[in-house]
Every structure is written in C-alpha cells, then in structure tokens.
Amino acid sequence: MVIGLTALSVAAVCCAALWLLAPAIFERGLAAQAASEGPRPAATPRAGGGVRFDFAAAEAPALAALLAGEDPGDIALVLSRMPGEAAAALLAALPAETRAAAALALAEPRRADMALLRAMKDELENRLYGASGGPAEAAALLKALPYGERKAVLEKVLAADAERGADLRALVPLDEDLLNLGEADFGALAAAVPPERMGPFIPALPDKLRGKVRAAYEGKAAAALEKRTPDGPYGKKEAEASLGEFMELFERLAEKGIVARPRPKAKAAPAQAAAAVKAKDDWG
C-alpha cells in the first residue's frame, strides 16, 4: 500500500511539472519548426477594401504624367489603392521631388473618402482610356487591307480631306514613295535582299521603281536577279499581291533601320500655289 501511494505521488508530481512546462515546450517546438523552414518574408501591406485602382505596371509612365501636378496626398491615395507591383512602378515613374512628397504623404495614415476615391478613379480612367482612334490606329487597319484596296482608300481619304488625311498617309507608305529615296537606300535594299528573293517581285513593280531596284544589283548579283525574274507579266490581282508583299518587306527593313522610312512628297495646296504665283508676279 505504501508503494502504491508513493507511485501515485510521483505521477502527480510529473503531471504537475508537465503542465507547468507545457507553454515553454510548445514555444520551443514552434521556434524549432520556424528555424527549419527558414525566415518568412515580411507581409506585404495591403490597401483596405472599397475602391481599388487596378492600373497595370506598364501604364505607370502615362499615369505618372497625369498625376505629376497633383497634390502629393492625392497621389498617395492612388498608390495605396493600387496593386503592389503597379504602385512601385508608378512611384518610380514620378519626378524625384514628387516621388519623395508622395512617399511622405503615404507614410502618414489618412482616412479615405470613398466618394473622392471613386471620382479620382473615374477621372484617371477617362483620361487614360477615354481617347480612341488616331492616325496610328487607322494606319494599322489600312495595312491589313490588300494593297490595291489600301491605295484606293487612301486616295478617297485625301480627296475628302487632304489636311486631315496627310497624317494617315504619312504612316502608310506606297510604292511611289520609294522613288524619293536615294541610291544608298536602294543599295542597302539590294544588300539585304538576295536576288532569288527579289526576282519574283520585279514584274509587279512600277516601271521607275523597277529600274531603281535593278540598278542597285551589280555584277553577279544583277545576273542572278535577271535569272530569277519571271518572264511574263503578272495579272492584276497577282501583281497587287506581289507589290503588297514587296512593300511589307521594305517596311520591315525600315523598322530595322536598314533603309530609310519612305515619306510621301508634300503637295502644295491650290491656294498656296496661287499665292506663290502671285508673289512671283508682284516681284516682277
């Protein structure tokens, strides 16, 4: 009986010790687990709920230009409501002084007015995305048309409004524009395009342009070009398709800087031409 009482006493003491040491043992266990997993990354601050400015990092330069003259506190509001990567890109795109002022304003907590945030978001989105169209967009659509249709549309555009159509026309090179280029550009064209690649285009080129292209190839290259040139002329549709491919090739070379980008010659308006004649008459 004495032995049994002694065993019970020892068990009670052990249980009490474990109960007292349990928090410390649990804490040490968590510490060991954390050490084995390595340091955890710091939590990224998140903006509160409500209005979010879902701009992309690629839009940061345009957004910075819109916000450059705004109050730093308002810029801080925009930053706090943007995704982390986009907010960092916007902060980096701001001018140095504006960046510092916006960072300082962001560091100070501020109660956000939801109505103000919605108004700011609507204004920024309207200024970023409100405009549509433009010469570049119209030019991209025109270049998707077959070459003959592209030329026909441009002629109608210029006939309808020469002044407004000039910007569009400058972005859509046509075969006659290549005649404005010098011998160096045609030499670069011949060096970049082998005779076997150029030969099939030759029958589709207008006479003057054909002569300039042929003159750019010399010696064995010229002989190879003539050998690769088809004998008979193309039909209308086939010629237009081949000419369109040639112009696409030329534009790719211009984008790489191998040849100059062709520009149309500016045509004097009738009123300007009349004024020039009158001025010459006045001076005798």
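Being a predicted model, the structure only gives us computed values, none of them experimental.
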**Fill in**
To the nearest 0.5 Å, atom CZ of Arg99 lies from atom CG of Leu90 at 10.5 Å
**Fill in**
salt bridge (charged side-chain N to carboxylate O under 4.0 Å, His left out) filter on Lys151, not counting sequence neighbours, yields Asp175, Glu176
**Joint cluster assignment, Tyr147 & Leu158, ILVMFWY side-chain distance < 4.5 Å** = no
**Any side-chain heavy-atom pair of Phe250 and Leu181 under 4.5 Å** = yes
**Item:** Arg150 side chain vs Leu145 backbone, donor-acceptor pair below 3.5 Å
**Value:** yes
**Asked** How far apart are the C-alpha atoms of Ile202 and Glu226, what are their side-chain angles, what is the distance that settles it, and do they pass the side-chain contact (heavy atoms from CB on, under 4.5 Å) test?
**Response** CA-CA 9 Å; Ile202 295 297; Glu226 294 304 320; over 6 Å; no
**Prompt:** Are Arg169 and Leu174 close enough that some pair of their side-chain heavy atoms sits under 4.5 Å apart?
**Reply:** yes
**Fill in**
On a heavy-atom basis, the closest approach of Ile258 and Ala192 is CG2-CB, 4.1 Å
**Request:** Could you tell me whether a side-chain N or O of Thr98 sits under 3.5 Å from a main-chain N or O of Leu94, the two making a donor and an acceptor?
**Result:** no
**Asked** Does the pair Arg110/Asp74 count as a salt bridge with the N-to-O cut at 4.0 Å?
**Response** yes
**Prompt:** Could you give the distance from CG (Leu168) to CG (Asp161), rounded to the nearest 0.5 Å?
**Reply:** 11.0 Å
**Asked** Is there side-chain contact between Leu189 and Met198, with at least one heavy-atom pair below 4.5 Å?
**Response** yes
**Request:** In sequence, state the C-alpha distance, the side-chain angles, and the governing distance for Met247 and Leu178, and then conclude on side-chain contact (heavy atoms from CB on, under 4.5 Å).
**Result:** CA-CA 9 Å; Met247 292 302 299; Leu178 272 59; 3.6 Å; yes
**Request:** Tell me whether Met114 is reachable from Met120 by hopping between hydrophobic residues (I, L, V, M, F, W, Y) whose side-chain heavy atoms are closer than 4.5 Å.
**Result:** yes
**Message:** If hydrophobic clusters are built by linking Ile, Leu, Val, Met, Phe, Trp and Tyr wherever their side-chain heavy atoms come under 4.5 Å apart, do Leu66 and Tyr129 end up in the same one?
**Reply:** yes
**Taking every non-hydrogen atom, the tightest pair across Ala188 and Val259** = CB-CG1, 4.0 Å
**Request:** Measure the NZ-CG distance between Lys212 and Asp185 for me, rounded to the nearest 0.5 Å.
**Result:** 10.5 Å
**Message:** Nearest 0.5 Å, please: how far is CG in Leu225 from OH in Tyr217?
**Reply:** 6.0 Å
**Asked** Under a single-linkage definition using a 4.5 Å side-chain heavy-atom cutoff for Ile, Leu, Val, Met, Phe, Trp and Tyr, are Ile75 and Leu104 assigned to the same hydrophobic cluster?
**Response** no
**Prompt:** Hey, is the main chain of Ala119 close enough, under 3.5 Å, to the side chain of Asp122 for a donor-acceptor pair?
**Reply:** no
**Message:** To the nearest 0.5 Å, what is the distance between CG on Leu77 and NZ on Lys121?
**Reply:** 14.0 Å
**Message:** Please check: side-chain N/O of Lys143 versus main-chain N/O of Leu171, any donor-acceptor pairing under 3.5 Å?
**Reply:** yes
**Donor-acceptor contact below 3.5 Å, side chain Arg118 vs main chain Val51** = no
**Fill in**
On a heavy-atom basis, the closest approach of Pro200 and Tyr234 is O-OH, 2.7 Å
**Within 6.0 angstrom of Glu218 CD, more than 12 heavy atoms from elsewhere** = no
**Request:** To the nearest 0.5 angstrom, please state how far the CG atom of Leu243 sits from the CD atom of Glu248.
**Result:** 10.5 Å
**Request:** Identify which one of Ser242, Pro233, Pro230 satisfies the side-chain contact (heavy atoms from CB on, under 4.5 Å) criterion when paired with Pro203.
**Result:** Pro230
**Request:** Would you indicate whether Arg228, at its atom CZ, is surrounded by more than 12 heavy atoms from other residues, nucleotides or ligands within a distance under 6.0 Å?
**Result:** no
**Prompt:** Does Arg210 use its side chain to pair, donor to acceptor, with the backbone of Leu205 at less than 3.5 Å?
**Reply:** yes
**CA sep, side-chain torsions, deciding dist, call: Val153, Lys156, side-chain contact (heavy atoms from CB on, under 4.5 Å)** = CA-CA 5 Å; Val153 171; Lys156 291 181 179 179; 5.8 Å; no
**Message:** So Pro83 and Glu85, do their side chains get closer than 4.5 Å, heavy atoms only?
**Reply:** no
**Fill in**
For Arg261 and Glu251, the nearest pair of non-hydrogen atoms, with its separation, is NH1-OE1, 4.4 Å
**Item:** Phe55 to Leu124 - nearest heavy-atom pair and separation
**Value:** CZ-CB, 3.9 Å
**Request:** Would you mind reporting whether Pro262 and Asn180 have side-chain heavy atoms less than 4.5 Å apart?
**Result:** no
**Request:** Could you tell me which non-hydrogen atom of Ala76 sits nearest to which non-hydrogen atom of Ala102, and how far apart they are?
**Result:** CB-O, 3.8 Å
**Item:** Sequence-distant partners of Phe201, ring-ring contact (aromatic ring centres under 6.0 Å, His included), two or more places apart
**Value:** Phe246
